[in-house]
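As a basis for the values below, the full set of heavy atoms in this structure was taken, side chains included, without hydrogen atoms, waters or symmetry mates.
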Amino acid sequence: MAHFNLSKPPPEAMMPAMSLLQINGASKAYAHKVLFRDAGFAVGEGEHIGLIGPNGAGKTTLLKVLMGLEELDAGEVIRSRSLRLGYLEQEADWDTEETIEACLLRQCSMPLWDLKKHGRELGLFEEHFSRPLKSFSGGYRMRVKLLSLIGKEANLLLLDEPTNFLDLETVLVVERFLQGYDGAFLLISHDREFLRRVTDHTVEVESGDITKYPGNIDDYFEQKALLREQLEKAAAGQAAKREQVMDFVRRFGAKATKARQAQSRLKSLDKMERIELKDVPVRARIPIPAPIRTGKEVLRTEGLDCGYGAEPVLRDVRLVLNRGEHAGIVGLNGAGKSTLLKTLAEALPAQKGSLQWGMNVSRALFSQHSAEQLNAQDSVFEALSNAAHPDVTRQEVLNLAGGLLFGGDNIEKKIRVLSGGEKARVALGQVLLSKSSLLLLDEPTNHLDFDTVEALTHALASFDGTLVVVSHDRGFVRRVSSRILEVNHGQVTLFPGSYDDYVWSLQKGVLAGRDPAAPGRPGNPAPPPAASRGSAAAAVRPSGEEAAAGPSAADLRQRLKEHDAEARKLEKSLPGLEKKLAEKTAQRDELNERLTKTPAAEMGAVLKDFQEVSHRVEQLEDELLTMMERLEWLQQERARLRP
């Protein structure tokens, strides 16, 4: 019997004019989980392809197969003789003692002077090349990885989450590089806005299939919906035809005069091409319980200094958050966005100033470490229900769990067996079930696939409470935020415009090679006077004359001097903090080993020590991350301020 599947685009849409790489009859599975079976697609010269699919569908595995790092269970990978591959993986094992220059000279064929020219486009300046990789944060290391791919002069780049850890300004630079890239690339990203801007084809890995669509991510969703609609109509028509034939057979099959016709029609059914209507994968819908009602003013801060150690990262923060306001926090890596969020949540004590809470206000924080605080012995349901507000019903817990893709038996899975992304979804669910009137979310879309991000976006956009969010996902911030708070130069100010205005201003500055000291630069607004900076609801835009004045040369020299001094201090402190963290981590691991060997009756004391040391490790990790982000920001500012 012949089969066809209308869920795939026509073959001519999937066959490039000249293939650099082709995969045929590919099958890959781990134990009982099939990633793809008898799948195939090709990458043509110059094609810019987005690789998408649910978490766990096999996207990263596919890139590793194409690189030759993993083998197919069946099928073949055909590579053109002219193929030169470059691979950007999520976790690269580099020698962090090497300087950037030594690392690039070892890996790249492009001359160093040319690499440094490209490096400036990625925010890597002359002073960076002589420093070891270990002195840079994750964002800067990602830039070095991208620069190394440029230096290998590949004609097909395989990029696994290239925008991870990058601030918006660098994302825009990477975006511009990929838009103008002459070679082909295949990239994994959950950033819909990024995919929309840099790709011209989309490859979907889902339900065991690999399907290539012409067009970017928006075209993909449109084609997918249209093809599904056509498939459903064709399947319905075929079902009606089959029922008509079977009805004829039932009525006349036993009659001698009609038996031959009945048999003929049955044979026609066998010859009919069968339409395979696949089940639509489960799509997330996240029903957030209504928050506790508060007074109009939720939070007011007065003269708030935020940071670790003696030196504040943010000074004199003055904000007012009202009921129902949704604020997006933006700024460069290391500017202090996460530090602000933790201080507002009182997870990090304020160094100075006060937080004044409104009536009936409760708060909940989702941070990048929230998943690490889950009890490994709990089931998903126990973890969610234990954190839920007492008024939240069992059914509401189950509904939200289903929205986060923990339906059926998955609700009983133990935390210890979950992937990192699944744990993050559980931790996020705990926050959403708290009925808190103020949600403070730090990168909540990390580890979420398209559908879950879309569901979370819709849920938070209609959230009745107050929301403060940090995210690198432009589409997410645009749709959930009603106002934008910019963190820059140790100040927090209301950006005078929408999120689109902020991105446009930043992009215009990047593309124009803007002067770092230029007035009106989005990344360097002069902080307004304290009297006019009072509230997210009532910030004052500087006048034209004030904006035109800009900092003087003496001011710039003084600022550079202060940045140099602070950077030297941080660089001196880093080794000691790293040593302390290594010692506490080793102590935690030793206690964890003891836990597995300690009798139940004596476990209490060891468990208490383990929890205390684990908490200290988390504090040190936060402190180290903040210090490295601050150093990254200082490095960038110093490079920009130098004449």
Side-chain angles (χ1 to χ4, degrees), residues 67 84-155 157-167 169-178 180-183 185 332-334 510 513 516 560 563-575 577-578 624-625 627-643:
M67 275 299 299
R84 300 185 305 278
L85 279 173
Y87 181 40
L88 175 68
E89 53 192 320
Q90 288 188 31
E91 301 287 341
D93 186 18
W94 284 14
D95 180 2
T96 56
E97 298 293 334
E98 270 192 320
T99 64
I100 293 180
E101 183 170 310
C103 176
L104 294 174
L105 286 172
R106 178 172 53 81
Q107 295 189 24
C108 303
S109 57
M110 184 178 289
L112 184 61
W113 65 268
D114 212 359
L115 280 169
K116 289 184 176 181
K117 183 178 71 174
H118 288 293
R120 287 193 292 272
E121 298 172 0
L122 293 171
L124 294 169
F125 300 96
E126 183 66 39
E127 64 179 35
H128 294 135
F129 285 82
S130 60
R131 296 182 49 193
L133 283 166
K134 69 178 182 181
S135 66
F136 294 95
S137 67
Y140 265 79
R141 292 183 192 185
M142 179 63 75
R143 301 181 197 200
V144 176
K145 293 175 188 178
L146 290 170
L147 185 57
S148 73
L149 292 181
I150 296 171
K152 291 174 183 175
E153 302 183 85
N155 59 0
L157 303 180
L158 305 179
L159 311 173
D160 197 348
E161 298 284 3
T163 60
N164 273 4
F165 309 112
L166 300 183
D167 56 41
E169 185 165 1
T170 310
V171 169
L172 293 173
V173 173
V174 174
E175 194 174 273
R176 183 164 64 108
F177 163 72
L178 291 177
Y181 184 62
D182 290 333
F185 61 75
L332 298 176
N333 283 354
V510 171
L560 180 60
H563 286 349
D564 285 342
E566 185 180 353
R568 285 194 298 271
K569 186 175 180 181
L570 287 174
E571 288 168 349
K572 188 176 180 181
S573 302
L574 271 175
L577 185 57
E578 288 173 336
L624 181 62
L625 178 63
M627 189 179 291
M628 292 184 72
E629 286 181 340
R630 180 66 176 174
L631 186 58
E632 175 183 322
W633 180 81
L634 287 168
Q635 290 163 353
Q636 193 165 355
E637 289 302 297
R638 289 159 68 200
R640 287 171 171 166
L641 290 172
R642 282 198 170 88

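- Taking F177 as the reference, Y181 meet the ring-ring contact (aromatic ring centres under 6.0 Å, His included) condition, with sequence neighbours excluded.
- With sequence neighbours excluded, the residues that form a side chain to side chain contact (heavy atoms under 4.5 Å, CB included) with K117 are D114, R120.
- Rounding to the nearest 0.5 Å places NZ of K145 at 10.5 Å from CD of Q107.
- S109 pairs by the side-chain hydrogen bond (donor to acceptor under 3.5 Å, both in side chains) definition with E153, not counting sequence neighbours.
- A search for side-chain hydrogen bond (donor to acceptor under 3.5 Å, both in side chains) contacts involving E578 returns nothing, not counting sequence neighbours.
- Residues passing the side chain to side chain contact (heavy atoms under 4.5 Å, CB included) test with L149 are L88, L157, L159, sequence neighbours excluded.
- In this structure the side chain of L178 reaches within 4.5 angstrom of the side chain of V174, judged on heavy atoms.
- Under the salt bridge (charged side-chain N to carboxylate O under 4.0 Å, His left out) criterion, R568 pairs with no residue at all, not counting sequence neighbours.
- Between C108 and S148, the shortest heavy-atom distance links the atoms SG-O, 3.4 Å.
- Taking all atoms of both residues into account, the shortest heavy-atom contact from G86 to A154 is N-CB, 3.6 Å.
- Between R131 and E127, the shortest heavy-atom contact is CG-O, 3.7 Å.
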Exercise answer: donor-acceptor pairs, residues 97-104 side-chain atoms, under 3.5 Å, sequence neighbours excluded:
| from | atom 1 | to | atom 2 | distance (Å) |
| --- | --- | --- | --- | --- |
| E97 | OE1 | K134 | NZ | 3.3 |
| E98 | OE1 | R106 | NH2 | 2.8 |
| E98 | OE2 | R106 | NE | 3.1 |
| T99 | OG1 | A102 | N | 3.1 |

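- Every salt bridge (charged side-chain N to carboxylate O under 4.0 Å, His left out) that K569 has, sequence neighbours left out, goes to E311.
- Side chain of H118 to backbone of L115: no donor-acceptor contact under 3.5 angstrom is found.
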Evaluate E89 against M67 for side chain to side chain contact (heavy atoms under 4.5 Å, CB included), listing each step before the verdict.
CA-CA 11 Å; E89 53 192 320; M67 275 299 299; over 6 Å; no
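- Applying the side chain to side chain contact (heavy atoms under 4.5 Å, CB included) rule to R84 yields the partners N155; only residues at least two apart in sequence or on another chain are considered.
- Across all non-hydrogen atoms, the minimal contact from L147 to L124 is CD2-CD1, 3.9 Å.
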